[in-house]
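Have a look at the structure below, then the notes.
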2 protein chains.
Amino acid sequence: MELKIGELAKRSGCLVETIRFYEKEGLLPHAARSQGNFRLYGEEHSERLQFIRHCRSLDMTLDEIRDLLKFRDVPQDNCSEVNLLLDKHIGHVADRITELKALEKQLKNLRGLCQTSEAGKDCGILQNLATTEGFEATNLGSHGGGCH
Amino acid sequence: MELKIGELAKRSGCLVETIRFYEKEGLLPHAARSQGNFRLYGEEHSERLQFIRHCRSLDMTLDEIRDLLKFRDVPQDNCSEVNLLLDKHIGHVADRITELKALEKQLKNLRGLCQTSEAGKDCGILQNLATTEGFEATNLGSHGGGCH
DNA sequence: TTAACATCCTGTAGCAGGTACAGAGTCAAG
DNA sequence: CTTGACTCTGTACCTGCTACAGGATGTTAA
């Protein structure tokens, strides 16, 4: 019943370091310790970690997860706040999709400037990238992770 | 003709610190210095920075940009490598769009579990997030920026 | 001339969300 | 009693910047 950190990591499919990181961040409560100062986890830690990993797999930030955990820890009479948080997050994702689609279009236009692969020194792509036209710092400064 | 770093920053729409950062990263060559040790830039720096910022606005990594700059510095007889790099990058973006769409779908499913906002303690969303079903660590471990 | 202020310099720390060590301690098996 | 697998704490690293601190330099007004 008592899991050491490596076993918990295996169960939840994440690294040992990640678990310690979540503890440090306050997402997981401090674990009990063995005589030799090893962390010992129970079923409730395992569930909570599962919850966190599931949220992360849905690309939520640790702050969003923190909020959800609060609702989990102290259930409210209604869950409209949970719904609100989720709706916001869905909004972020939808926005990012829109941005990336616009980006894809620009990149394909750019790629179209050189289909021949013979241009060499006069490569339209490199020339276009050196110009300032057609980009208004659209993507710059906006929050939003990359695609790598 | 000789620009100080602040003027170049204004021209290119980025911060002074960003320019120094690009220099440190080797994307921009070291600038000449004034008597008072101020960096002095010419037209070629300005163009090169424009190139970099344009690439960044297309969400390329600094490594990808480094590669493109190499082709710019030493033009080849053909530009098939430039095309290849661009195609790869378009692939990254397309992949990320696919991922985010799948994510959006999952989130909307999840959101559908609680339309009433009355469930309270039995909120289907919080319960579902605690389960391991329906997520195979899909999003975890993959390279790919978030949506925030 | 001198004071105030803008701009520049270097160097360092911080963001998210971990990952990857180093160097030391703990534990079970042979 | 040693080997090897695991754990501990603490720190540095990743990307692509951003934001200082603390000091030097340059420009303008009184």
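Residue numbers begin at 1 in each chain, while the letters A, B, ... track the order of the sequences.
- Of the candidate nucleotides C/dC9, D/dA19, D/dT7, C/dC9 has the atom lying nearest to any side-chain atom of B/R33.
- Closest to the side chain of A/F38, out of D/dC6, C/dG18, C/dC8, is D/dC6.
- Residue A/L28 holds its CG atom at 13.0 Å from CZ of A/R20, rounded to the nearest 0.5 Å.
- Nearest to the side-chain atoms of A/R56 among the listed nucleotides C/dA20, C/dC8, C/dG17 stands C/dG17.
- Residue A/F21 contributes atom CZ, which lies 15 Å from atom C1' of D/dA12 at whole-angstrom precision.
- Taking atom CD1 on B/I65 and atom C1' on D/dT15, their separation rounds to 12 Å, with Å as the unit.
- In this structure, CG of A/L40 is placed 16 Å from P of D/dC6, rounded to the nearest angstrom.
- In this structure, the CG atom of A/D59 is 10 Å from the P atom of C/dG18, given to the nearest Å.
- Of the candidates B/H30, B/H45, B/E23, B/K4, B/R39 forms a side-chain contact (heavy atoms from CB on, under 4.5 Å) with just one, namely B/E23.
- Among the nucleotides C/dG18, D/dT7, C/dA20, the one closest to the side chain of A/L62 is C/dG18.
- The SG atom of B/C14 lies 5.0 Å from the CG atom of B/L49; values are rounded to the nearest 0.5 Å.
- For B/E104 and B/K108, the salt-bridge test passes: some basic side-chain N is under 4.0 Å from an acidic carboxylate O.
- In this structure, the CG atom of B/D63 is 13 Å from the P atom of D/dC17, given to the nearest Å.
- Side chain of B/E17, nearest nucleotide from D/dT18, C/dT10, D/dG16: D/dT18.
- If you check every strand for non-hydrogen atoms under 4.0 Å, B/R39 touches sugar and phosphate atoms only.
- In this structure, the nucleotide among D/dT9, D/dG16, C/dT19 sitting nearest to the side chain of B/T61 is D/dG16.
- Taking the nucleotide of DNA chain D with the nearest heavy atom to each of A/G36 and B/K4, the more 5' of the two is matched to A/G36.
- Nearest to the side-chain atoms of B/N37 among the listed nucleotides C/dC9, C/dT19, C/dG25 stands C/dC9.
- Between the CD1 atom of A/I97 and the CZ atom of B/R96 there is a distance of 9.0 Å, given to the nearest 0.5 Å.
- Between A/Q35 and A/L15, the residue anchored nearer the 5' end of DNA chain C, judged by the nucleotide with its closest heavy atom, is A/L15.
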